[in-house]
Undergrad: 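Have a look at this one before I ask anything.
Order of the sequence lines sets the chain letters (A, B, ...), proteins ahead of strands, with each chain counted from 1.
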Protein chains: 2
Amino acid sequence: MSQPTERTPERPAGRAVPTSADVARLAGVSRATVSYVLNNTSAVRISEPTRRRVREAAEELGYVPHAAARSLRAGHSRMVLLPTSHVPVGPLYSQFFNEFQWALRRLDYTVVQYGSVGLEAEEAARAWAELRPVAVVSLGEVQLTGQGVEILKRSGARAVITLGTRAVEGTHALVMDQGKVGEVATAHLVASGRRRIGVVIPEEPGLAMFSGPRLDGARRAVAGTGATVVPLPLRYEEESANELAARWRDLGLDAVFGYNDEYAMLLMRALQDAGIAVPGETAVVGADDLLLGRLLRPRLSTVRIDMVLGRELAELVDRAVREPEVPPRTRALLDSRVVRRESS
Amino acid sequence: MSQPTERTPERPAGRAVPTSADVARLAGVSRATVSYVLNNTSAVRISEPTRRRVREAAEELGYVPHAAARSLRAGHSRMVLLPTSHVPVGPLYSQFFNEFQWALRRLDYTVVQYGSVGLEAEEAARAWAELRPVAVVSLGEVQLTGQGVEILKRSGARAVITLGTRAVEGTHALVMDQGKVGEVATAHLVASGRRRIGVVIPEEPGLAMFSGPRLDGARRAVAGTGATVVPLPLRYEEESANELAARWRDLGLDAVFGYNDEYAMLLMRALQDAGIAVPGETAVVGADDLLLGRLLRPRLSTVRIDMVLGRELAELVDRAVREPEVPPRTRALLDSRVVRRESS
DNA sequence: TTGAAAGCGTTACCAA
DNA sequence: TTGGTAACGCTTTCAA
């Protein structure tokens, strides 16, 4: 860039942000022409010399269009808003999420994640609505209410998609059937002849959303089999696991579903240290099929969760935006199956 | 897009998005009054009955202010933009990140994460600049250039903060000294009498940003000691680890720094399965101090990384926004120390 | 081929 | 205490 001045102060107090009017002035044309050139408007034909002058002027000024002004004028945006929060999630979920974002970008949407920690349902919906997104994809961080959905739709959102453990009225709901995770794990344990089955409930906040349905699923699996389910609160700390292991024999359990691989690994180690044979005396099953679970001895049995592809979800969003009249539907988002290794 | 000149209704058969003008009409007042009431403008006093009428009208219509229009009018926003991408990060980083977001929110900023996967430096800077954020905090997903920083500042960003492995010109740079992680790990191994030290280099994309500096740090640690460093490419798969373990004795290594706990655990298991005693024949050190590392036998030695608090970083952002004339500085963001367990 | 002007939803200034 | 009005930056229709 040509900076003829010897000293360019970083931030001259008066330096304004260049607008299309500045570009027009420098190029010696009107603002309309600038817009035509920079947006490659095909309806209008601009001479090549003019185009070049405009482009050079824009370049020289470092002009960048103002998204807010543009979408204000246009009356709509292509922003897809994804509320985020602090729910600790595994690599599976992260990968899905990234693929989803990438696919949306390919469909020419601007993906914006909005940190929504600590917001209540309606408060959150209002905050999101201020940005006038064309679609909101809520991954369950904030429990959206029908009221909140109404606010969003009234403010122009053409699609509200919830991706959670249960359907929300008025939205395209994608249900992650967390119950099934607990169900297949527990059914597997029952089928292997286990009768008293512990189910780990993490005490860490934010996980109740997943652990509750998983426990319910476990209960469904034992219904009518004579086996029983015992909830086991557990913090993700060695001390907590050791305490639990110390009273293991009093609990009289012969199997445990560890919520996920991490909690399962923690508990399995504590059980082994307490002299309880795995899987001999107690079977252990995790979930998520982490690589690390295969490194323990015995190798950890697990529930493998197959997520819908991020690309598919992106296409669903796109369709919902283009055809908002299609009524929202609820559909399953993931499938689960047991991968039996050595710990069960 | 060539569309017929016929007017296509933007919002088919639906009521339009309510604006402050609609609220004013319903309440029987002017738009200005609506603005005063809804923003609690203290400079103007509005009678209580009027306030009530306005509030009720807004409520009835489900009015939500239009953030773009507001910031267009105001000439500035309080948006802090955080580019995100798919770099796989550990729980330590996530926790820091969430704390940071939360703290920014408390300081009344709107935190927006912008999915920037696959964007080049300048392209990305331009995309971010379109949103006219008051500050950009780049966590290193996209290698920001001086050019990119200039674009952002010209478009009104009052602070650009980079949080990466090396400083970027013109920004408040917070350097995560990844080199030190490798340095302290290797120094520890050398001090324990190890001479030929392997350093794992993950083959997964996106990690080079961290692994390169860590390897450099390891080299610094052996300089002048007579010990040597050997880079060890490794995929995060059992097969890859087993291959590496199979030719371990040919490599003649007596220690390895495993990049982080996960790779270290993977490799340690492969070494043990190949009959190589840990730490007797080969010492292993990871990094991140994951709980899972403590579950293996021997317990995994590790490098504990202390991150700066998210709250501190949020305050730095706030200060940089309020006093943009203060020259950008580079400062260290994290400190590292070895936690010796049993594997070294 | 280009330009003038309207208007998107807000808010701040100045009158009434 | 309230209302009219201009302006923020952009796109688009209409006119030249």
Undergrad: OP1, OP2 of dT10(C) versus side-chain N and O of Ser71(B): anything below 4.0 Å?
TA: no
Undergrad: With a 4.0 Å cut-off, would you call Glu130(A) and Arg126(A) a salt bridge?
TA: no
Undergrad: Tell me: CG of Asn40(B) to C1' of dA12(C), nearest whole Å?
TA: 17 Å
Undergrad: Salt-bridge test for Arg52(A) and Glu48(A): reply yes if a basic N is under 4.0 Å from a carboxylate O, no otherwise.
TA: no
Undergrad: What I want to find out is whether Glu315(B) reaches Arg311(B) closely enough, with some N-O distance under 4.0 Å, to be called a salt bridge.
TA: no
Undergrad: Take the protein atom CZ of Arg45(A) and the nucleotide atom P of dG3(C), then report the distance between them rounded to whole Å.
TA: 18 Å
Undergrad: Tell me, for nucleotides 8-16 of chain D in 5' to 3' order, what letter each nucleotide earns: B for a base near a protein heavy atom under 4.0 Å, S for only sugar-phosphate near one, - for neither?
TA: BBBBBB---
Undergrad: Sub-3.5 Å donor-acceptor pair from the side chain of Arg53(A) to the main-chain atoms of Ala27(A), do we have one?
TA: yes
Undergrad: Under the rule for side chain to side chain contact (heavy atoms under 4.5 Å, CB included), what residues qualify as partners of Ala135(A), not counting sequence neighbours?
TA: Val80(A), Ala159(A), Val317(A), Val321(A)
